[in-house]
Amino acid sequence: MTERTFSIIKPDATERNLTGKINAVIEDAGLRIVAQRRVRLSQAQAEKFYEIHKERPFFGELVSTMTSAPVVVQVLEGDNAVARYREVMGATNPDNAAEGTIRKLFAKNVGENSVHGSDSLDNAKIEIAQFFTDADIVG
Ligand code: ATP
Ligand code: MG
């Protein structure tokens, strides 16, 4: 089934000029980038985006790294896009990520792991709506 998922190329990756290399991995995996924008997240935007993790010990660090430099927010479209992009990203901790995945190729550590991808179709819809309107997405 054709789906849309939400992706963020995180500050550790934009700072190292890896946007194009990461987009190449995404496109080679058969996912189409149907919306994309470079933005600097505010503290409030980052806190809202990662609200589900607010009780976790790493929450403060997560918000400060996500606001430390620009990010690239994206909508990806393709067959089973939510699960497919999770595969393409690899495990949260790059030490556990499979060969060829974005996190294995580029992530620095578990906190600076280069990309975010939605973990369910429901969350993808919620996350896309935080950054894009329907008119921004050209499928
Ligand atoms: P994301 O939601 O960013 O796609 P994920 O779904 O693989 O990543 P989550 O468990 O949702 O992983 O964690 C959200 C983010 O919080 C991780 O991507 C990472 O940047 C950060 N994080 C997770 N665990 C740790 C940790 N133990 N120490 C530091 N940061 C962490
Ligand atoms: Mg997650």
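Start at 1 and go down the list; that is how both ligands and their atoms are numbered. Since the structure is predicted, the reported quantities are computational estimates derived from the model, not experimental observations. Sequence positions, counted from 1, serve as the residue numbers for this chain.
Closer than 4.0 angstrom to ligand 1 lie heavy atoms from Lys10, Tyr50, His53, Phe58, Glu61, Leu62, Arg86, Thr92, Arg103, Val110, Gly111, Asn113, His116, Gly117.
Annotation for Ile26: hydrophobic cluster partners, listed by chain and number, are Ile9, Leu18, Ile22, Val25, Leu31, Ile33, Val72, Leu76, Tyr85, Val88, Met89, Ile102, Leu105, Phe106, Val115 (ILVMFWY side-chain heavy atoms under 4.5 Å, direct or chained). Other residues sharing a hydrophobic cluster with Met1 under the 4.5 Å side-chain heavy-atom criterion for ILVMFWY residues are Val82, Leu121.
Checked for salt-bridge contact, Glu51 and Lys48 miss the test: no charged N lies under 4.0 Å from a carboxylate O.
Applying the salt bridge (Lys or Arg N to Asp or Glu O under 4.0 Å) criterion to Arg103, with sequence neighbours excluded, gives no partner residue.
Judged by the 6.0 Å distance and 45° axis criteria, Arg37 is positioned over the aromatic ring of Phe132.
Without hydrogens or angle criteria, Thr14 side chain to Pro70 main chain gives a donor-acceptor distance under 3.5 Å.
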